[in-house]
Amino acid sequence: MIITLQAAAAKLRAADKILVTSHINPDGDAIGSALAMLQILREMGKTVQVYIDDKIPQNFSVMPFEEEIRRPREDETFDADLLVVLDTAPDRIGEVGRLTDAPILNIDHHVTNKGDNLDLYVDADAAATCEIIFRLAHELGAEITMNIAVCLYTGIATDTGFFNYSNTKAGTFRAAAELVELGVEPNLISEQMEKRTVHDVKVMTAALQTARLFYGGKVAGMFIDEELSRRVDTTEGLVDLIRVIDSVDVAFLLTFKEENVCRVSMRSKGVEVSDIARRLGGGGHIRAAGCTLNKSFDESRRIIIRAIGEFMIERGYLRPVEYEDRAEISLADFNGDE
Ligand code: 5GP
Ligand code: MN
């Protein structure tokens, strides 16, 4: 059931022991919103614990209380009276769902989240779940401390590509401005988020070598196969390396996860990639979406290239001659409009 922000606040007030979680493959918004929620609820005197069923990337260690995030152990349980799921529907929280059978309060900003069979507050116009938590903090009358502000700012900044993407609205800047007034230093957060090890940069160049252009250059893909995946610590930002190519509308990254499990991450400049992801069992935002394919790497490669092409010809983003073009061109061989 879709509920209001006020109703979400009331559910939080009524609970005492709260488990807070977010999605696997956690990003700045997932971790920022969970850690901000943790602090707000503790301020209110609640017993709270954050669980995320994944590794937390090193860059996010700037966020206060990051060290408190637990990963569920086998056979572990958590005695909660409310499970708060942030920045995703509950289908992407891994093993956290097994920790408790408490009722779920879901807070999210993904258009693809429909909230079947649970209480959902969703605002697809919010740039980040952290922007919603910012409003929720006001609704709850909670003090936004410097530590909370750092978490919320990090989530808003990372989900907007540092205020670059089309989800950046006036309200996003208003929230960010208030957080900066509370003491957040944007340059410090940017520096921390963009930091990469030498190893990561080497992997980036290897990933770029795999880049191919499809459909006359309107689609670009990068391919982290099993071998390359062993060297990759983070795929964060990789897809952006090819999204910027001027001819490209849809950029995607295909990553080997395990035998017959591959991840697709898509970015676009106009094409509704959330619809493509949804067709393949995933979801996300209009211009940033993803899905998991339970197929071999080669088969996944074929599926995603075909799914993007079919969607784009259906919606008129490709001309028939571009769609019929089955050429795969490496970056080295692609000349664009030159
Ligand atoms: P990313 O490419 O950064 O992993 O994800 C882009 C956006 O799509 C994020 O907002 C993310 O939460 C969403 N997303 C990625 N993969 C999936 C998926 O498998 N299912 C759903 N529902 N959303 C996804
Ligand atoms: Mn988000």
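Everything quoted here is computed from the prediction, not taken from an experiment. For ligands, and for the atoms within them, numbers begin at 1 and follow the listed sequence.
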What residues come within 4.0 Å of ligand 1, counting heavy atoms only?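 Shell around ligand 1 (4.0 Å, heavy atoms): Arg92, His110, Arg263, Ser265, Arg267, Gly282, Gly283, Gly284, His285, Ala288, Ala289, Gly290, Cys291.
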
Only protein N/O/S atoms count here: give how many lie under 2.8 Å from the Mn ion (ligand 2).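 Protein heteroatoms (N, O, S) closer than 2.8 Å to the Mn ion (ligand 2) number 4.
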
Measuring only between side-chain heavy atoms, which start at C-beta, is Asn59 closer than 4.5 Å to Arg196?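 Result yes, sub-4.5 Å side-chain heavy-atom pair found.
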
Minimum heavy-atom separation for Ser247 to Gly217, with atom names?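 In this case the closest contact between Ser247 and Gly217 is OG-O, 2.7 Å.
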
Taking everything shown except Lys169 itself, do over 12 heavy atoms lie less than 6.0 Å from its NZ?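 Buried by this count: over 12 neighbours within 6.0 Å.
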
Geometric cation-pi criterion, Arg301 with Phe223: 6.0 Å, 45°: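 Cation-pi check for Arg301 and Phe223: passes.
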
Hey, can you tell me if His285 and His109 have their rings parallel, tilted or perpendicular (30° and 60° cut-offs)?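 Tilted, since the angle between the ring planes falls between 30° and 60°.
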
Has Asp27 got a side-chain atom pairing as donor or acceptor with Ala30's backbone, closer than 3.5 angstrom?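 The answer is yes, because a donor-acceptor pair under 3.5 Å joins these two groups.
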
Sequence neighbours left out, cut at 3.5 Å: what donor-acceptor pairs do the side chains of residues 256-263 make with other protein atoms?
unit_1	atom_1	unit_2	atom_2	d
Asn260	OD1	Ser296	N	3.1
Arg263	NH1	Cys291	O	3.4
Arg263	NH1	Thr292	OG1	3.2

Donor-acceptor pair between Tyr51 and Glu95 side chains, under 3.5 angstrom: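 Note: Tyr51 and Glu95 side chains miss the donor-acceptor criterion.
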
Pairs of donor and acceptor atoms involving the side chains of residues 306-321, under 3.5 Å and at least two apart or interchain, shall be tabulated with distances.
unit_1	atom_1	unit_2	atom_2	d
Glu314	OE1	Arg279	NH2	2.7
Glu314	OE2	Arg279	NH1	3.3
Tyr317	OH	Glu272	OE1	3.0
Tyr317	OH	Glu272	OE2	3.1
Arg319	NH2	Glu322	OE2	3.1

